[in-house]
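Predicted, not measured: the structure shown is a model, and the values here were computed from it. Values below: every heavy atom of this structure, side chains too, minus hydrogens, waters and symmetry copies.
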Amino acid sequence: MRASIYILGPLLGRFGEAKISFPGGCAFGPRPIDLHLEAMKSLGASIEIEEGYILARAKKGGRLNGGKFELKQISVGATGNMLMAAVLAKGGSLIKGAALEPEISTLINMLIKMGAKIKSTRKGGSAEIEVEGVHELVGVEETNTSDRIEAATLLAATAITGGKVSLTNVNIAELKAVIKNFKQAGCTMSVLPNLIRLESSNELFPVNVVAKPYPNFPTDMQAQWTALMTQSRGVSVIKDTVYLERFKHIPELNRLGAEITMNKNSAIVKGKKKLKGASVMSTDLRASACLVIAGLVASGKTEVLRAQGVLYPIKDGKKWGFMNGDGVFVVDYIYEDVGHFREGMARVKLEGCWGFIDHTGTEVIMPMYSMAYDFENGRALVSYGSGRTAVLINKDGNVVNNSLTKTDEFTEGLQRVEDGGRWGYRDQTGVMIIPYKYEWAGKFSDGLAPVKVFNTYGYIDKLGNIAIQPLFEYAGSFRNGLAPVTLGDRFGVINKSGSFVVSPQYDAISELVNGFFRIRQSKHWGYMNQLGYVKIPPQYNRVKDFENNLAPVFVGDDVIGKWGYVNHEGDLVIAPLFDDAKEFQDGVAEVTTKGLMGYINTNGTFLWLEVLSDEFVKP
Ligand SMILES: CC(=O)N[C@H]1[C@@H](OP(=O)(O)OP(=O)(O)OC[C@H]2O[C@@H](n3ccc(=O)[nH]c3=O)[C@H](O)[C@@H]2O)O[C@H](CO)[C@@H](O)[C@@H]1O
Ligand SMILES: C=C(OP(=O)(O)O)C(=O)O
């Protein structure tokens, strides 16, 4: 956690030396610790970095000296850290440009109670803190102030749901900037010394905020405010000047249906968007809170998952382990075999038996099966012993169904099923909604499903009525109102009224993925966007879909060709060096090339590289 860096100052002040690891904390962008280290140096400490650890030592005598330090940027952490070191240093210290955050005032009050000599004066937007070092501190009992960010988060959750709330034991003074904004947004606020009442109005107004150091609007409330503004009746701008990249929640809010664009460190939110539940990823505490708040008003189910969640299999020659999306080794090389992550779980084999691990690398289903398949729609097929007894289990490892019929997922509430060569659809309660009458049936998407009747393909709606006449030799699924179909041996694209928007002229067209169709003409593949414009003319022997704005393409002929990656403009941004290249997933793609396999990021940099034979190399 981030706060782990706070033990540097106290240890150094008390023992004259400290060895601590680099801090973790919420991953929303760069979070340097240079100010912490410079502050320690100003007190006479030497700092060395060794293998991910910070080794800090006071000069001879084992005691820090008083020193002067001016923070070039207001830092809560560096202020607190220097304070805790300086209280036991020899002589006086001065911290200029120090943070005014209430957490710092609380710390000062407690240190004073413990016997420290501290004087803090406000100078403009920051504090100047004078410390006179003492020999020792004494133990005290102290109560922390209430959490102002938690309080504000609860207010945002109430405001978005149109509710009423009373929060007691809150320090009103610390929430001034936040309260002002809720008022401007149209909420009725009554404020007593220790209590806040918020009553939401039917109509929320857009309110711009700029996150700045205290007493301004806190950066830790920026994400939650953004969620609230998705429901306001207009456009609002949310700017963060403390953490310029703290916007990892924006693409996720957009995934729920919000309309937010970024301009440098400002999010521009178009309000009054109907949100729809989805699976979203979160990298940090406040982003999670923001997505939960949005989920409260989204229709259907919203699932907030951890972005760090997906792990990738790596091998040290014989045994398998896992790395995370940053190329950091997280699960030891202990498994004889593993699968890729599917629905948050991966198969692992230990001492001949299969089980499952979750995103954290924990064996949530003990290895005890002779065989196991990946999770699909929350169920995995596993077998015991000789393999004759196979059962379906859920993610808790409980047997849920002994029937082994492989079923499709439900899409738009319906599931296609087959009986004696005829296909139909049933609902979640098992009731047949559309009888077994088609020669083949596809999954529902955009309210329509492709079906085969008298050897030709058309589309039905959810009542089982023909929506687009069966005229085609092939019919693909609708995505964003567009589907590929074949007529007279040629592929084109139709809209939901069945009219051609791209006339049948191609050898092949894939379904739409992330705004692009793969198209084939004269044995070569390229890409067409959803407006029907050929964005990348057919020129490759093989191509895969765009993910994370990059698509794998096979450059050259089958004998000497290699896989590389193109962007939406068709620029070959990752050079063709690979014998195989998978589509990106969460910014990471698996690639292989003669005897080597590894993972690259979207810059084409290897996060992990290993020799497929005996050893592995971490670049
Ligand atoms: C555990 C904890 O208390 N976390 C809070 C603390 O984080 P933390 O103390 O880590 O945040 P800081 O106040 O130090 O950071 C403020 C700005 O200073 C920069 N900076 C900071 C240190 C440094 O050595 N060099 C440097 O450049 C940071 O990148 C950032 O742009 O204050 C933040 C700002 O209110 C809050 O969002 C965090 O919730
Ligand atoms: C960023 C936060 O915490 P940390 O500094 O511990 O990552 C936070 O509290 O919002």
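Around CZ of R57, the count of heavy atoms belonging to other residues, nucleotides or ligands within 6.0 Å does not exceed 12. At most 12 heavy atoms of other shown residues, nucleotides or ligands fall within 6.0 angstrom of atom NZ in K212. Summarising the local packing, CZ of R14 is surrounded by 12 or fewer heavy atoms from other residues, nucleotides or ligands at distances under 6.0 Å. Under a cut-off of 6.0 angstrom, the local environment of NZ in K113 is crowded, with over 12 non-hydrogen atoms contributed by other residues, nucleotides or ligands.
Between I20 and S4, the closest side-chain pair of non-hydrogen atoms is not below 4.5 Å. Contact annotation: the side chain of L204 never approaches that of R233 to less than 4.5 Å [non-hydrogen atoms, C-beta and beyond]. Under the 4.5 Å side-chain criterion, counting only non-hydrogen atoms from C-beta, L572 is not in contact with Y565. In this structure, S232 and F205 have side chains that are not in contact, with every pair of non-hydrogen atoms separated by 4.5 Å or more. The shortest side-chain heavy-atom distance between I54 and I5 falls under the 4.5 Å cut-off. Under the 4.5 Å side-chain criterion, counting only non-hydrogen atoms from C-beta, I293 is not in contact with L228. The side-chain heavy atoms of L291 and L253, taken from C-beta on, include a pair separated by under 4.5 Å. With a 4.5 Å cut-off on side-chain heavy atoms, E128 and S120 do not count as touching.
Judged purely by atom type and a 3.5 angstrom limit, K395 uses its side chain to pair as donor or acceptor with the backbone of E343. No side-chain donor-acceptor contact under 3.5 Å links E17 to the backbone of A58. Of the possible polar contacts, none joining the S236 side chain to the M229 backbone as a donor-acceptor pair under 3.5 Å is found. The backbone N or O of K239 lies less than 3.5 Å from no partner atom in the side chain of S266, so there is not a single donor-acceptor pair. In this structure, S146 contributes its side chain and N169 its backbone to a donor-acceptor pair below 3.5 Å. One N or O on the side chain of E101 and one on the backbone of Y214 form a donor-acceptor pair closer than 3.5 Å. Remark: the backbone N or O of L195 is not paired with any side-chain donor or acceptor of T168 at under 3.5 angstrom. Between the side chain of T605 and the main chain of N601, no donor-acceptor pair closer than 3.5 Å is present. Looking at S288, its side chain never comes within 3.5 Å of a backbone N or O of S282 through a donor-acceptor pair. Within the 3.5 Å criterion, the main-chain N or O of V178 finds no donor-acceptor partner in the side chain of N181.
Checked against a 6.0 Å centroid threshold, the rings of F546 and F584 do not count as neighbours.
Looking at K272 and E203, a side-chain N of the basic residue comes within less than 4.0 Å of a carboxylate O on the acidic one, giving a salt bridge. Under 4.0 Å is where a charged nitrogen must lie from a carboxylate oxygen, and between R2 and D284 no such pair does.
A distance of 11.0 Å separates CG of L35 from CG of N81, quoted to the nearest 0.5 Å. One finds the CG atom of D147 at 9.5 Å from the CD atom of E174 (value rounded to the nearest 0.5 Å). Distance check: K41 NZ to L64 CG gives 14.0 Å after rounding to the nearest 0.5 Å. Atom CG of D545 is separated from atom CG of L550 by 13.0 Å, given to the nearest 0.5 angstrom. In this structure, CD1 on I250 lies 9.5 Å from CD1 on I268, to the nearest 0.5 angstrom. A distance of 14.0 Å separates NZ in K117 from CG in L111, rounded to the nearest 0.5 Å.
Looking at every heavy atom in both residues, A98 comes nearest to S126 through O-CB, 3.2 Å. Of all non-hydrogen atoms in L43 and A86, the two that sit nearest each other are CD1-N, 4.0 Å. Contact between A159 and S200 at its shortest, heavy atoms only, is O-OG, 2.7 Å. Across every non-hydrogen atom of P215 and A177, the tightest pair is O-CB, 3.6 Å. In this structure, R479 and D446 approach most closely via the heavy-atom pair C-OD2, 3.4 Å. Minimum interatomic distance between A211 and T241 (heavy atoms only, all atoms of both residues): O-OG1, 2.7 Å.
Scanning for side-chain hydrogen bond (donor to acceptor under 3.5 Å, both in side chains) contacts around N480 gives Q530, with sequence neighbours left out.
Using cut-offs of 30° and 60° for the angle between ring planes, the Y6 and H36 rings count as parallel. Between W225 and F217, the two ring planes are perpendicular [angle over 60°; tilted spans 30° to 60°]. Classification of the H568-F516 ring pair by plane angle, with boundaries at 30° and 60°, yields tilted.
At a cut-off of 3.5 Å, with distance as the only test, a side-chain donor of T360 or D358 sits close to an acceptor on the other residue. Under the 3.5 Å distance criterion, with hydrogens and angles disregarded, a donor-acceptor pair is assigned to the side chains of Q224 and T153. A side-chain N or O of T219 and one of D240 form a donor-acceptor pair less than 3.5 Å apart. Using a 3.5 Å distance cut-off with no hydrogens or angles, the side chains of E259 and N254 do not pair a donor with an acceptor.
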> Is there a side-chain contact (heavy atoms from CB on, under 4.5 Å) between L609 and I600 once you walk through the steps?
Replying inline: CA-CA 9 Å; L609 178 67; I600 56 171; over 6 Å; no
> Checking side-chain contact (heavy atoms from CB on, under 4.5 Å) for the pair V364/I357: CA distance, chi angles, key distance, verdict?
Replying inline: CA-CA 5 Å; V364 282; I357 60 166; 5.8 Å; no
>> I'd like to know whether R286 forms a side-chain contact (heavy atoms from CB on, under 4.5 Å) with R246, so could you lay out the CA-CA distance, the side-chain angles of the two residues, the decisive distance to 0.1 Å, and finally the verdict.
In response: CA-CA 10 Å; R286 310 304 171 190; R246 192 175 195 170; 3.4 Å; yes
>> Would I196 and M189 count as a side-chain contact (heavy atoms from CB on, under 4.5 Å) here? Give the steps.
In response: CA-CA 7 Å; I196 300 183; M189 309 289 294; 3.7 Å; yes
>> Evaluate K544 against E583 for salt bridge (charged side-chain N to carboxylate O under 4.0 Å, His left out), listing each step before the verdict.
In response: CA-CA 7 Å; K544 299 180 188 177; E583 282 131 346; over 6 Å; no
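Residue pairs satisfying the ring-ring contact (aromatic ring centres under 6.0 Å, His included) criterion with at least one member in residues 238-260, sequence neighbours excluded, are listed as follows: F28-Y243.
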